[in-house]
Protein chains: 2
Amino acid sequence: MINQVPGDTRRRIVEAAMHLFWEKGYGSTSVADILGRAGINSGSLYHFFPGKQDVLLAVLEAYRTGIDENLLEPNWRGIDDPIDRIFRLLAGYRAALVQTECTYGCPIGSLALEIHEPDPPVRQLLAANFTNWANAIEDCLKAAGTRLPAGTDRRALAEFVLTTMEGGVMLAGSHRDVAYFDRAVQQLREYFNCLLQSARSPVRRKSQRRNRGKSNA
Amino acid sequence: MINQVPGDTRRRIVEAAMHLFWEKGYGSTSVADILGRAGINSGSLYHFFPGKQDVLLAVLEAYRTGIDENLLEPNWRGIDDPIDRIFRLLAGYRAALVQTECTYGCPIGSLALEIHEPDPPVRQLLAANFTNWANAIEDCLKAAGTRLPAGTDRRALAEFVLTTMEGGVMLAGSHRDVAYFDRAVQQLREYFNCLLQSARSPVRRKSQRRNRGKSNA
DNA sequence: GTCTATAAAAGGATAGAC
DNA sequence: GTCTATCCTTTTATAGAC
């Protein structure tokens, strides 16, 4: 092909696959689909990748390393308040749902539930993506400092934000109605309000002093 | 085949497909897989179903109509407290995760994120399954009566229980670690504690007097 | 209703020229 | 590195006997 930037082909393959996996899923995307979208031929793809699954690994790796540049920075630009940042990120997912008429799915979440093989390398990269996402939220929660009650399990809360997002996207997509996502986020907001409130005027409970952060009903 | 109960073949097909879709996903299950597990031949399946997708519809329909008998009753037998029932149901999913070494996925959730086609009939059945699940939780929340604060959006809260379950199962499966599910449920528990607490001693915003009444605060 | 056999297509992957 | 051509397997679905 003419005017080909060296090293560009591999990038185009990953980009094409990233889009197609998001749009159709991994199993329903054929190698031929990827070739077509990338504008290349079979030989080129198999020159860079041993097989289709290795393309998936490259895609997941691209998501993982690009989370700051492609997801967090665009959403957080100009927003400093850490709690605002959390709900701004969720609003970003909402915008994606609206733009795609609720066809959008979190690419990581969709792949996580589509891939059923034990498949350690793929699964580890999926997990790493989730971990990075939760890390970013956890940083926000740490930055919130004393606005959250002492003893708040910030790691668990960060993961809870993630499960809310994934669950909300799942329901909104299935019902083709963004209101399902909105209600999930609204419930999370209520929970945060409760936490922020009780940090201001702590409710004393028997279990709380003895067992900080681990109360279980 | 000998000793065949009339009308049994169709049921066996659906049962085999139900198991395989749950285990391997829809796309990775071939018609041949279903035939093998059901112990029948190609002609029988295509006698009852126009194609593979119609088997999926029958599976989703079976989940939908069987939710009480197969999911709710086994988990709720002997438990009357409506809030306990909610967390008992979540404990049931936890048990499934543990038994399968976190291979388990909610079959509806997995299919919801695997199926990317617009595909109205399939999607409507997925949505109907989610709706039935949330209905059951909503009934619990209604039964909780005044233990929840006045004005609680019980529908949204029921859906929030669902998103927590789905998100928790997703993370636990991806990390192959049930602790991710446990933390999600624990966060939901904290939220419920907050709600139950504020129903006992309603929080007044702005000029709130602390620890009114006789609660053990 | 169930069987066997097979059609027809699509899938992932490879070979070898350039 | 990229191309064209092709192999081989798997897949869904059908045909027609019993």
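Protein chains get the first letters and strands the later ones, always in sequence-line order, with residue 1 at the start of each.
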Checklist line | Secondary-structure string, 5' to 3', Watson-Crick or G-U under 3.5 Å, | for another-strand partners, for DNA chain C | finding: ||||||||||.|||||||
Item checked: Length of the CZ-C1' vector between B/Arg10 and C/dT2, whole Å -> 17 Å
Next item on the list: Name all residues meeting the side chain to side chain contact (heavy atoms under 4.5 Å, CB included) criterion together with A/Glu61; count only those two or more places apart in sequence or in a different chain, and write none if there are none.
Entry: A/Arg64, A/Thr65, A/Leu125
Margin query: By the ring pair (Phe, Tyr, Trp, His ring centres under 6.0 Å) test, which pairs, at least two apart or in different chains, include something from residues 40-92 of chain A?
Written below: A/Phe87-A/Phe192
Next item on the list: May I ask you to check whether A/Tyr191 and B/Gln187 show a side-chain donor-acceptor distance below 3.5 Å?
Entry: yes
Checklist line | Spacing of B/Ile13 atom CD1 relative to D/dT12 atom C1', expressed in whole Å | finding: 15 Å
Notebook entry, point to check: Does B/Ser42 get its side chain close enough to the base of D/dT14, under 3.5 Å, for a donor-acceptor pair?
Noted result: yes
Next item on the list: Answer yes when A/Arg183 and B/Asp153 have at least one side-chain N-carboxylate O distance shorter than 4.0 Å, and no when they do not.
Entry: no
Next item on the list: To the nearest Å, give me how far apart CG (B/Leu45) and P (C/dT4) are.
Entry: 15 Å
Next item on the list: Quick one: label B/Thr29 by what it contacts on the DNA or RNA (base, sugar-phosphate, nothing), any heavy atom closer than 4.0 Å.
Entry: sugar-phosphate
Notebook entry, point to check: Hey, which of these two, A/Gly43 or A/Ala32, hits DNA chain C nearer its 5' end, going by closest nucleotide?
Noted result: A/Ala32
Margin query: In terms of relative ring orientation, are B/Tyr104 and B/Trp22 parallel, tilted or perpendicular, with 30° and 60° separating the classes?
Written below: tilted
Checklist line | Ion pair A/Arg12/A/Asp8, N-O distance below 4.0 Å | finding: yes
Item checked: Phosphate contact (C/dT4 OP1 or OP2) by B/Asn41 side-chain N/O below 4.0 Å -> yes
Note to self: Counting only heavy atoms from other residues, nucleotides and ligands, does the tally under 6.0 Å from CD of A/Glu101 exceed 12?
What the structure shows: no
Notebook entry, point to check: Mind checking what makes side chain to side chain contact (heavy atoms under 4.5 Å, CB included) contact with B/Arg123, not counting sequence neighbours?
Noted result: A/Ser174, A/Arg176, B/Ile115
Next item on the list: Round to a whole Å and report the spacing from CD1 of B/Ile40 to P of C/dG1.
Entry: 13 Å
Check: Under a 4.0 Å heavy-atom cut-off, which of residues 47-62 of chain A touch DNA chain D?
Finding: A/His47, A/Phe48
Next item on the list: May I have the distance from B/Arg11 (atom CZ) to C/dG1 (atom C1'), rounded to whole angstrom?
Entry: 16 Å
Notebook entry, point to check: In whole angstroms, how far is the C1' atom of C/dA5 from the CG atom of B/Leu35?
Noted result: 14 Å
Check: Can you list every ring pair (Phe, Tyr, Trp, His ring centres under 6.0 Å) pair that touches residues 106-131 of chain B, not counting sequence neighbours?
Finding: none
Next item on the list: Please determine if a side-chain N or O atom of A/Tyr46 lies less than 4.0 Å away from the OP1 or OP2 oxygen of C/dT14.
Entry: no
